[in-house]
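Here is the structure we will look at.
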Amino acid sequence: MFQYLKIKNVVITSAFIVFMISSALISVSPVTVLAQSSELPKASLLYNGGISDLKPSLTVKDNLMKKIQVPEDEHEFEFNSLIYAINRGDKISFDFEEEPARVDAFLIDYETDYTTLWALEKLSTGEFTANTPSPGLYNLDVHAIYPDGEYVSYSKLVNVVDNNQNLLSLTPQSNQCGNELPLDKLTAMGNPATSVLNQVINQPLIKELSFGIIDELNVQLADVKNICGIQLGLKNAQNDINFFAVQSSDDGSLYSDPIVFSNTGFSGELPEIYKYPSSIEAKFLKIVPLGSTLEKGLGITDFKLFGH
């Protein structure tokens, strides 16, 4: 499914993220304040001929994080309450009062032990495919970067339905991406720093980890595996939004186009799990920081790799 590019060092097609956020990469004390949603550009979900408003949940601009509201909790809604329904696998799109420079969309489960984000595949038409391994209630999150550098996340609780799926056939093995894969080698490229990733997994690793401004994490498996996601803990993630790209390769030379993720800002000090639109076959991964609002580098505190 990926178009492969030959690169020596990682080439990120979303490099403008670095430019937009670079001015925020200044060592300052994180500041979190409440914001008024009326101050922010409005965003809406377009689906099946209908339109529904999205609620801003968090914004970052000029080193200032403003948390507007926590994502909607499914326990706050009765089962029969009116929740926007989306058919699993359907196309959705978004309308913005002001045109963002970049938009990424995720379906997020905040009710799991670790917040889990499913990246939605973006089509050439600008639409996204609303897909998850199984139906259920999810927060539809839209992460937008505006031309002035402001970052805004919007959220809406939705019910992903699939009337054609036999729920009795679903098993943890068939609908979950939860098998931790053993790593053969894990290294990081960056300026020497005191933050060192230790005891990442319970098996021998070649540990050459020094996390600084670059923080490019290189992962190597013993052989090609079916990979579906990563678990990543980031320093100060409750007060910082980090953008990073994941690239994959089966030979360590030709790497896929990047899949871009950003953390939610709502998981405290716990790691989050980031899952791909669809699983990939790879032996090598690169995890490359694209910029963040406060920290210099990702400041990785936890890493795991998942496959089927």
Side-chain angles (χ1 to χ4, degrees), residues 14 17-18 20-26 28-45 52-74 76 84 94-112 114-120 128 137-158 232-244 260-275 289-295 298-299:
S14 306
I17 293 179
V18 178
M20 289 187 171
I21 302 177
S22 60
S23 61
L25 298 181
I26 304 173
V28 296
S29 298
V31 179
T32 303
V33 300
L34 297 178
Q36 299 296 323
S37 60
S38 59
E39 301 171 356
L40 302 173
K42 295 180 181 179
S44 302
L45 165 67
S52 180
D53 291 339
L54 298 170
K55 296 180 180 180
S57 55
L58 183 151
T59 181
V60 182
K61 187 177 182 181
D62 299 328
N63 300 112
L64 190 68
M65 174 183 282
K66 301 177 182 179
K67 291 185 178 179
I68 302 164
Q69 61 180 7
V70 297
E72 294 176 317
D73 187 342
E74 63 183 72
E76 297 176 359
Y84 204 86
F94 306 100
D95 180 67
F96 295 89
E97 184 179 27
E98 297 179 15
E99 188 66 25
R102 180 178 180 88
V103 176
D104 295 292
F106 306 87
L107 284 169
I108 303 181
D109 188 350
Y110 286 98
E111 304 301 315
T112 52
Y114 295 141
T115 296
T116 303
L117 299 83
W118 282 269
L120 301 190
F128 292 83
L137 294 178
Y138 298 88
N139 276 91
L140 175 62
D141 265 35
V142 180
H143 298 175
I145 301 177
Y146 289 95
D148 63 357
E150 182 171 22
Y151 165 87
V152 183
S153 65
Y154 302 87
S155 183
K156 184 176 183 61
L157 189 67
V158 298
L232 202 60
L234 300 172
K235 179 182 177 182
N236 202 26
Q238 70 271 27
N239 295 309
D240 196 9
I241 299 299
N242 301 265
F243 296 85
F244 59 94
V260 177
F261 292 98
S262 56
N263 65 296
T264 65
F266 287 104
S267 294
E269 297 180 356
L270 294 176
E272 293 183 333
I273 298 175
Y274 306 92
K275 298 190 177 181
L290 301 178
S292 60
T293 56
L294 290 176
E295 296 290 338
L298 288 175

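These numbers were taken from a predicted model, which means no experiment stands behind them. Note: hydrogens, waters and symmetry copies are ignored here, and every other heavy atom, side chains too, is used.
- Residues Gln69 and Phe266 approach most closely at O-CZ, 3.4 Å, considering heavy atoms.
- Considering CZ of Arg102 and NE2 of His143, their distance stands at 12.0 Å, rounded to 0.5 Å.
- Just one of Asp141, Leu117, Val70 meets the side-chain contact (heavy atoms from CB on, under 4.5 Å) condition when paired with Tyr110; it is Asp141.
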Problem set entry | side chain to side chain contact (heavy atoms under 4.5 Å, CB included) between Phe128 and Asp104, intermediate numbers included | CA-CA 9 Å; Phe128 292 83; Asp104 295 292; 5.6 Å; no
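- Atom CD of residue Glu98 and atom CG of residue Asp148 lie 7.5 Å apart, to the nearest 0.5 angstrom.
- Taking CG of Leu157 as the start and CG of Leu137 as the end, the distance is 5.5 Å to the nearest 0.5 Å.
- Salt bridge annotation for Lys235-Asp240: absent, with no cationic side-chain nitrogen under 4.0 angstrom from a carboxylate oxygen.
- Taking a 6.0 Å sphere around NZ of Lys42, one finds it holds 12 or fewer heavy atoms contributed by other residues, nucleotides or ligands.
- Residues that satisfy the side-chain contact (heavy atoms from CB on, under 4.5 Å) test with Ala237, not counting sequence neighbours, are Leu234, Asn263.
- Within the 3.5 Å criterion, the main-chain N or O of Val260 finds no donor-acceptor partner in the side chain of Ser262.
- Distance CD1/Ile108 to OH/Tyr138: 12.0 Å, rounded to 0.5 Å.
- Across Gly268 and Gln238, no two heavy atoms sit closer than the pair O-OE1, 3.4 Å.
- Put simply, the side chain of Ser44 reaches to within 4.5 Å of the side chain of Asp53, judged on heavy atoms.
- Rounded to the nearest 0.5 angstrom, Ile241 CD1 and Ser153 OG are separated by 6.5 Å.
- Contact detail for Pro71 and Ser155: the closest heavy-atom pair is CB-OG, 4.4 Å.
- A side-chain contact (heavy atoms from CB on, under 4.5 Å) with Val152 holds for exactly one of Leu40, Val142, Leu58, Leu54; it is Leu40.
- For the pair Phe261 and Phe106, the minimum side-chain heavy-atom distance is below 4.5 Å.
- Here the CG-NZ distance, from Asn239 to Lys67, works out to 6.0 Å after rounding to the nearest 0.5 Å.
- Under the side chain to side chain donor-acceptor pair (under 3.5 Å) criterion, Asp95 pairs with no residue at all, not counting sequence neighbours.
- Within the 4.5 Å cutoff, the side chain of Thr59 has no heavy atoms near those of the Tyr146 side chain.
- When all heavy atoms are compared, the tightest approach of Ala144 to Tyr154 is CB-CE1, 4.3 Å.
- Smallest separation of non-hydrogen atoms from Ser267 and Glu272: OG-OE2, 2.5 Å.
- Across every non-hydrogen atom of Ser52 and Lys156, the tightest pair is OG-CE, 2.9 Å.
- The closest side-chain heavy-atom distance from Leu107 to Leu140 is below 4.5 Å.
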